[in-house]
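To start, the structure itself, in structure tokens.
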2 protein chains.
Amino acid sequence: MCVPGYDKRPPGYDKYAFEPFAVTVDLAVFTIRDGALRVLLVERGQSPYAGQRALPGGFVLPDESAETAAARELAEETGLSDVTGLHLEQLRTYSDPDRDPRMRVVSVAFAALVPDPPEVRGGGDAARADWLPYGTGAYGPLAFDHDRILADAHDRIGSGIENTCLATAFCPPEFTLGELRGVYEAVWGAGLDPANFRRKVLATPGFVKPVHGAARLTGGRGKPAALYKAGPATALHPPLLRPTAEGRPS
Amino acid sequence: MCVPGYDKRPPGYDKYAFEPFAVTVDLAVFTIRDGALRVLLVERGQSPYAGQRALPGGFVLPDESAETAAARELAEETGLSDVTGLHLEQLRTYSDPDRDPRMRVVSVAFAALVPDPPEVRGGGDAARADWLPYGTGAYGPLAFDHDRILADAHDRIGSGIENTCLATAFCPPEFTLGELRGVYEAVWGAGLDPANFRRKVLATPGFVKPVHGAARLTGGRGKPAALYKAGPATALHPPLLRPTAEGRPS
DNA sequence: CTCTTTATAGTCGGTAAGACCATAAAGAGA
DNA sequence: TCTCTTTATGGTCTTACCGACTATAAAGAG
């Protein structure tokens, strides 16, 4: 259960007892595909939890911070060459002594938002990785405490788009207000009134900026929509509350 | 910089390179005294940062989670025999490779709220601990990255009392609305209209419950105020926004 | 050509919040 | 004792916002 070297202490800490832990990062990577919220999950090939799905992740290397390690893992698991600009946010740390039956592992969890779902490369250290619909039973119980981590991540994203401009992190550089509304509907699992949503977003200074000039996008049905890009604002005042908003704890 | 035993790996992890880290908890413990927000700080007696103030904290023991370690440290540093019921919330994890010049230390930071400021006992592993006014220059730069941790903790508390019933965690079991308002004013550093604050709090179901019967508290000047206790609610809908609320990032 | 779908503009009523006023009830100081 | 100050509490007024709703525009599907 303990890492070797437990009884050795570097100079300066001789008076204190401490145990060295393995530190990992776990990533809850979300995207929107076909109007539904999806999460990137790998399939474990070895014990424990062999065959079950798990969040992608890995060890923090000696010269890395948890944030650096998370960005590296994000690039590796998604196959994206450049993850700068993607939203990558530290969630919290999970440190239950029994959370990994093999050894003592402390895991720093992150939530990441990816605009366009690129196909996942099959290689790497993970057996397989897929974008699976969140919360629809498309996957069984996750390995370790990853069900809880994923639920916490979803909570964080859900309240994040309420109070900040986070929703644009799901969108491509230029997007329509319908696409932005689709982000809220996918994350919250609730429908929003298009007209009221539009009024609210446009009334928030710095949330979105219109792309002037040739600013029409065709592709789907209905009247072509104007294009917007993310504005400079980061917080939403007042927040864009959920429709049936009730009892969302801290 | 590295803990000995770095090149040894337990069974099951042979294919992976990882470095064992020391894991600590750091606590930002707040209270309200004399209408001002104060934070518990220790004075370091040894290098590095000898003589500077620092957040209380310590190592996570082998059989502890970070939460357990934080509760233990909270009891040790405040001298409180029972810390159950106190608000103790994980903030985030700080893992910069250079944050401790002696060795690689990953620290899980917590924010704690204490109602009544008990006098700090002088003993323990910390040289000295005092409740110092937050953000008034009563202490110089803190050791390590504790200035940033403390600022993050203050941010979290500030937005926490906006969206949740967290403010009652600063109050004794029974309190007046004036005392509750004092919490908001101390944390936000801004004045609030007593009448509007009262209307808002009483209109939020489950925020506070009146203590019926003998429900008057004397002690200060002015008309005696009715007593309330914390209600069952945990979230505030809609939130109790700051007066000059602008630009509060995620 | 008509129907469906989506975007966009506008209206209406209710609620919440800030600013402000008025009264009540205590202590402080003359 | 009387007055002033301080705090609690109740109320009004006005503005802003938000949900519900209607109407129009502009595309594709059949």
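Below, chains carry the letters A, B, ... as their sequence lines are ordered, and counting in each starts from 1.
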Among D/dA27, C/dA25, D/dA29, which nucleotide has an atom closest to any side-chain atom of B/Pro224?
C/dA25
Start at the 5' end of DNA chain C and walk down; is the nucleotide closest to A/Gly178 or to B/Pro239 reached first?
A/Gly178
Spacing between A/His237 atom NE2 and D/dC18 atom C1', to the nearest angstrom:
18 Å
Candidate nucleotides C/dT8, C/dA17, D/dT9, ranked by approach to the side chain of B/Ala226 - the nearest
D/dT9
Closest to side chain of B/Arg221, choosing from D/dT6, C/dA25, D/dA20:
D/dT6
Check the distance between D/dC17's P and A/Arg198's CZ and give it to me in whole angstrom.
17 Å
Selected nucleotide, minimal atom distance to B/Ala225 side chain, candidates C/dT8, C/dA19, D/dA8
D/dA8
Do the ring planes of A/Phe144 and A/His146 sit parallel (below 30°), tilted (30 to 60°) or perpendicular (above 60°)?
tilted
Looking at D/dA29, which nucleotide sits across from it as a Watson-Crick or G-U wobble partner, both distances under 3.5 angstrom, or is there none?
C/dT2
Supply the atom-to-atom distance B/Leu236 CG to B/Lys200 NZ, rounded to the nearest 0.5 angstrom.
6.5 Å
For the CG atom of A/Asp145 and the CG atom of A/Asp152, what is their distance to the nearest 0.5 Å?
9.5 Å
Determine which nucleotide pairs with D/dT12, using a 3.5 Å limit on both distances of a Watson-Crick or G-U wobble pair.
C/dA19
If you only use heavy atoms from C-beta on, which nucleotide in C/dA9, D/dA8, D/dA20 is closest to the side chain of B/Lys223?
D/dA8
D/dC21 P sits how many Å from A/Asp193 CG, rounded?
9 Å
Rounded to whole Å, please give me the gap between CG in A/Leu227 and C1' in C/dT8.
15 Å
Using atom CD of B/Glu179 as one end and atom P of D/dT6 as the other, report the distance to the nearest whole Å.
19 Å
Residue closer to the 5' end of DNA chain C, B/Asn196 versus A/Leu177 (nearest nucleotide)
A/Leu177
Describe, in one word, how the ring planes of A/Phe30 and A/His154 are oriented to each other, choosing from parallel (under 30°), tilted (30 to 60°) and perpendicular (over 60°).
tilted
Can you say whether a donor on the side chain of A/Arg199 sits under 3.5 Å from an acceptor on the base of C/dG10, or the other way round?
no
For atom CG of B/Leu202 and atom P of C/dA16, their distance in whole Å
14 Å
Between B/Ala70 and B/Leu27, the two heavy atoms sitting closest are O-CD2, 3.5 Å
Expressed as a whole number of angstroms, how long is the span from B/Lys200:NZ to D/dG10:C1'?
19 Å
CZ of A/Arg181 versus P of C/dT8: gap in Å, rounded?
10 Å
